[in-house]
Amino acid sequence: MKTVLTNKNISIRTRRRALECYIEPILMYGCEAWTISKQTQKKLEATEMWFLRRMLRISWTAKKTNDTVLEEAHTTRLLISKIRKRQATFFGHVMRREKLENLVTTGMLEGKRSRGKQREKLIEGLADWLKAGKSLEAIEATKDRKKWRTMIANAVEQGT
């Protein structure tokens with residue numbers, strides 16, 4: 001795969017498509033259940049840039065900014081928005097089913113909270129990304145499939 005992605009005889013568009021077809025699905029496996037913290041987001045963005053730099057054969061010691069690398073590759077950062085879109089569609093699917101997965105995903109289980117700083121929930125990250133305000137508004141929006149899809153589409157457009 002390295003020989004295909006770094007081959008200068010193949011256009012950058014074709015190499016980018018090969019990356020999207022063969023590498024990104026492996027990278028994003030199970031991303032629907034991830035909670036993306038700022039640290040995780042930085043690592044994912046760094047991974048995306050690492051792939052682009054490898055494809056363009058730009059050394060990590062070369063003093064090129066990420067913006068110039070993105071311009072050379074004729075692309076933008078898409079990985080985080082793809083992951084968030086997958087998470088949102090999966091979350092809508094789970095919320096409409098109203099079964100055990102619904103309770104686990106929303107975190108509305110009975111019992112005491114653990115001590116210390118509480119972990120970020122998937123719904124909180126999605127509510128921020130969708131700009132839905134509170135997480136309850138996002139949960140209510142999932143009941144109407146058409147409204148939920150437009151919220152996702154608007155968030156993807158704003159993210160890119």
Side-chain angles (χ1 to χ4, degrees), residues 1-97 101 104-107 117-133 135 138-139 141-142 145-160:
M1 194 83 236
K2 181 181 175 184
T3 56
V4 172
L5 293 178
T6 57
N7 190 343
K8 294 260 186 184
N9 295 329
I10 302 173
S11 71
I12 188 69
R13 184 169 180 251
T14 307
R15 288 186 277 163
R16 178 84 181 136
R17 294 221 22 214
L19 180 75
E20 289 173 7
C21 291
Y22 295 109
I23 307 297
E24 282 184 7
I26 296 167
L27 179 66
M28 296 191 317
Y29 180 77
C31 69
E32 293 87 357
W34 295 352
T35 52
I36 299 179
S37 63
K38 290 187 180 194
Q39 182 181 12
T40 309
Q41 184 170 344
K42 283 183 180 179
K43 286 182 179 182
L44 288 169
E45 288 173 352
T47 303
E48 185 176 21
M49 291 308 299
W50 183 82
F51 280 123
L52 288 175
R53 285 178 184 270
R54 290 293 298 240
M55 282 174 31
L56 296 171
R57 291 187 174 184
I58 298 172
S59 170
W60 64 274
T61 57
K63 296 195 179 206
K64 285 198 173 187
T65 63
N66 289 340
D67 294 330
T68 57
V69 172
L70 288 168
E71 284 177 19
E72 282 185 39
H74 307 292
T75 187
T76 58
R77 292 184 186 217
L78 300 171
L79 188 62
I80 296 295
S81 62
K82 285 180 184 179
I83 290 172
R84 288 293 189 191
K85 183 179 178 185
R86 276 182 157 190
Q87 286 180 336
T89 54
F90 178 72
F91 182 74
H93 171 72
V94 168
M95 288 296 109
R96 285 188 293 275
R97 286 196 61 203
E101 299 93 356
V104 173
T105 306
T106 55
K117 183 178 179 183
Q118 300 300 307
R119 291 183 179 177
E120 184 181 340
K121 297 177 189 166
L122 176 66
I123 180 64
E124 293 166 357
L126 281 177
D128 287 344
W129 183 68
L130 293 169
K131 294 176 181 49
S135 56
I139 292 171
T142 60
R145 187 175 288 192
K146 203 171 208 176
K147 181 180 177 183
W148 183 246
R149 285 183 179 167
T150 56
M151 282 179 73
I152 294 170
N154 291 338
V156 168
E157 284 177 17
Q158 291 172 358
T160 57

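Basis for what follows: all heavy atoms, side chains included, without hydrogens, waters or symmetry-related copies.
Qualifying side chain to side chain contact (heavy atoms under 4.5 Å, CB included) partners for Lys146, counting only residues two or more places apart in sequence or in other chains: Asp144. Every side chain to side chain contact (heavy atoms under 4.5 Å, CB included) that Thr40 has, sequence neighbours left out, goes to Ile36, Ser37, Leu44. Thr35 meets the side chain to side chain donor-acceptor pair (under 3.5 Å) test with no other residue; sequence neighbours excluded. In this structure Thr3 satisfies the side chain to side chain donor-acceptor pair (under 3.5 Å) test with no other residue, sequence neighbours excluded. For the side chain to side chain donor-acceptor pair (under 3.5 Å) test, no residue two or more places apart in sequence or in another chain qualifies with Thr150. Remark: Glu71 engages no residue in a side chain to side chain contact (heavy atoms under 4.5 Å, CB included) (not counting sequence neighbours). With sequence neighbours excluded, the residues forming a side chain to side chain contact (heavy atoms under 4.5 Å, CB included) with Arg13 are Ser11, listed by chain and number. Among residues two or more places apart in sequence or in another chain, the salt bridge (Lys or Arg N to Asp or Glu O under 4.0 Å) test is passed with Lys64 by Glu72.
Between the CD1 atom of Ile12 and the CG atom of Leu5 there is a distance of 9.0 Å, given to the nearest 0.5 Å. Rounded to the nearest 0.5 Å, atoms CE (Met55) and CZ (Phe51) are 10.0 Å apart.
Sorted by first then second residue, the salt bridge (Lys or Arg N to Asp or Glu O under 4.0 Å) pairs that include residues 35-53, not counting sequence neighbours, are Arg16-Glu48, Glu45-Arg77.
Looking at heavy atoms from C-beta onward, His93 lies out of side-chain contact with Thr89 at the 4.5 angstrom threshold.
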Which atom pairs, one a donor and one an acceptor, fall under 3.5 Å between side chains of residues 21-31 and the rest of the protein, sequence neighbours left out?
from  : atom 1 : to    : atom 2 : distance (Å)
Glu24 : OE1    : Lys82 : NZ     : 2.8

Handout entry: Stepwise side chain to side chain contact (heavy atoms under 4.5 Å, CB included) test for Trp148 and Arg96
Key = CA-CA 11 Å; Trp148 183 246; Arg96 285 188 293 275; 4.1 Å; yes
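What you find for Ile152 and Lys85 is that their closest heavy atoms are CG2-CG, 3.9 Å. In plain terms, the two heavy atoms of Thr65 and Thr68 that are nearest each other are O-OG1, 2.7 Å.
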